[in-house]
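Worksheet: one structure, shown below.
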Protein chains: 2
Amino acid sequence: MELYIKEVAEKVGLPAHTLRYYEQEGLLPLIKRDVNGNRIYDESDLLWLEVIVCLRKTDIPLSELRVVVELTKEGNNTAAKRKQIFEKHKEKLMEKQRDLDSAFQKIETKIEFYDELEKKYHNEIENMSLKV
Amino acid sequence: MELYIKEVAEKVGLPAHTLRYYEQEGLLPLIKRDVNGNRIYDESDLLWLEVIVCLRKTDIPLSELRVVVELTKEGNNTAAKRKQIFEKHKEKLMEKQRDLDSAFQKIETKIEFYDELEKKYHNEIENMSLKV
DNA sequence: ATAATCCTTAAAGTTGACTTTAAGGCAAGG
DNA sequence: CCTTGCCTTAAAGTCAACTTTAAGGATTAT
């Protein structure tokens with residue numbers, strides 16, 4: 001499978017210049033080129049990009065993704081280190097989960113409060129009209 | 001209850017200058033001052049700050065918090081609008097939840113992959129030693 | 001052949017949310 | 001009286017992650 005940058009952009013949901021930017025920042029392994037120097041992405045590039053996109057949505061820093069790429073280039077003896085990076089991010093995810101849960105609670109309380117406030121306000125208006 | 005900035009900073013887990021910054025950005029209602037011009041926070045300030053801190057952890061923009069403060073100043077007839085802002089953020093939270101779930105899955109897959117890779121690598125090393 | 005549409009690189013600009021710096025006032029303790 | 005540590009304001013600086021701009025080359029469509 002061979003894809004040009006625009007198709008990849010489409011598939012992974014990133015603008016093409018962000019793909020170039022990621023490459024420049026060392027987040028992608030060496031990307032092949034065609035005779036005109038245009039980037040050609042293969043299946044494995046796409047799979048890795050999908051990991052990037054998914055983890056970026058939970059704010060993994062580009063720097064950590066870069067390190068994973070560097071370690072991968074170093075070889076299979078770096079598996080443990082790479083795993084560590086993901087374990088570390090998993091910890092972050094668990095914290096995010098807790099923050100999310102608290103926020104859900106807080107926001108529900110607020111919404112209920114505003115429902116009450118609205119009710120009271122409408123009642124006031126109604127009473128005012130009755131008094132006229 | 002009356003608290004000075006340092007105590008509030010301590011309680012809500014923000015540096016004092018961030019509290020001043022938030023005030024400057026219109027995220028806090030009018031904060032009282034003592035004779036020397038130092039800020040004095042009361043219970044309701046603290047409660048609102050706790051909402052801010054909680055929702056900021058899920059990346060609610062300062063601008064939306066500012067709007068809530070402005071609407072609150074306008075009066076009880078703005079309850080519906082304020083509620084809307086929180087409903088909107090709740091939608092964002094639900095999206096974050098989905099992103100978080102996907103990331104957990106992806107990361108588990110990666111971790112399992114690295115476990116396998118490590119096993120294989122150790123086996124290779126072992127076989128190599130046996131052959132010597 | 002000329003315009004449209006892709007691609008390329010390099011570099012500068014933007015964004016939101018702080019964070020730091022600078023310059024200084026007030027009050028308690030030694 | 002002087003230092004220490006709190007507080008004040010205003011303004012400039014920082015950061016990550018893009019995003020935009022500029023300048024230009026190659027391919028395809030009319």
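Heavy atoms only: backbone and side chains are in, while hydrogens, waters and symmetry mates are out. Order of the sequence lines sets the chain letters (A, B, ...), proteins ahead of strands, with each chain counted from 1.
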Val12(A) with Tyr4(A), same ILVMFWY side-chain cluster at under 4.5 Å: no
Selection: residues 5-22 of chain B, any non-hydrogen atom under 4.0 Å of DNA chain D: Ile5(B), Lys6(B), Arg20(B)
Phosphate OP1/OP2 of dG16(C) contacted by Arg66(B) side-chain N/O (<4.0 Å): no
Below 4.0 Å: OP1/OP2 of dG25(D) and any side-chain N or O of Asn36(A): no
Separation of atom NZ in Lys57(A) from atom C1' in dC18(D), rounded to whole Å: 16 Å
Rounded distance (Å) that lies between atom P of dC15(D) and atom CG of Asp59(A): 19 Å
Hydrophobic cluster partners of Leu30(B) (side-chain heavy atoms under 4.5 Å): none
Asn38(A) CG - dC7(C) C1' separation (whole Å): 5 Å
Between Asp101(B) and Gln97(B): side-chain donor-acceptor atoms closer than 3.5 Å: yes
Joint cluster assignment, Val53(A) & Ile60(A), ILVMFWY side-chain distance < 4.5 Å: yes
Length of the line joining Glu23(A):CD and dC18(D):C1', which is rounded to integer Å: 16 Å
Residue of the set Glu74(B), Lys81(B), Arg82(B) for which side chain to side chain donor-acceptor pair (under 3.5 Å) holds with Thr78(B): Arg82(B)
Atom-pair distance (CD1 on Ile40(A); P on dC6(C)), nearest Å: 17 Å
Distance, rounded to the nearest Å, where Leu27(A) contributes CG and dA17(D) contributes C1': 11 Å
Interatomic distance where CG belongs to Leu62(A) and P belongs to dT19(D) [whole Å]: 11 Å
Within 45° cone of Phe113(A) ring axis and under 6.0 Å: Lys110(A) NZ or CZ: yes
Length of the line joining Asp34(B):CG and dA28(C):P, which is rounded to integer Å: 11 Å
Pair Glu23(A) + Arg33(A): basic N to acidic O under 4.0 Å: yes
Short side-chain N/O contact from Arg39(B) to OP1 or OP2 of dC7(D), under 4.0 Å: no
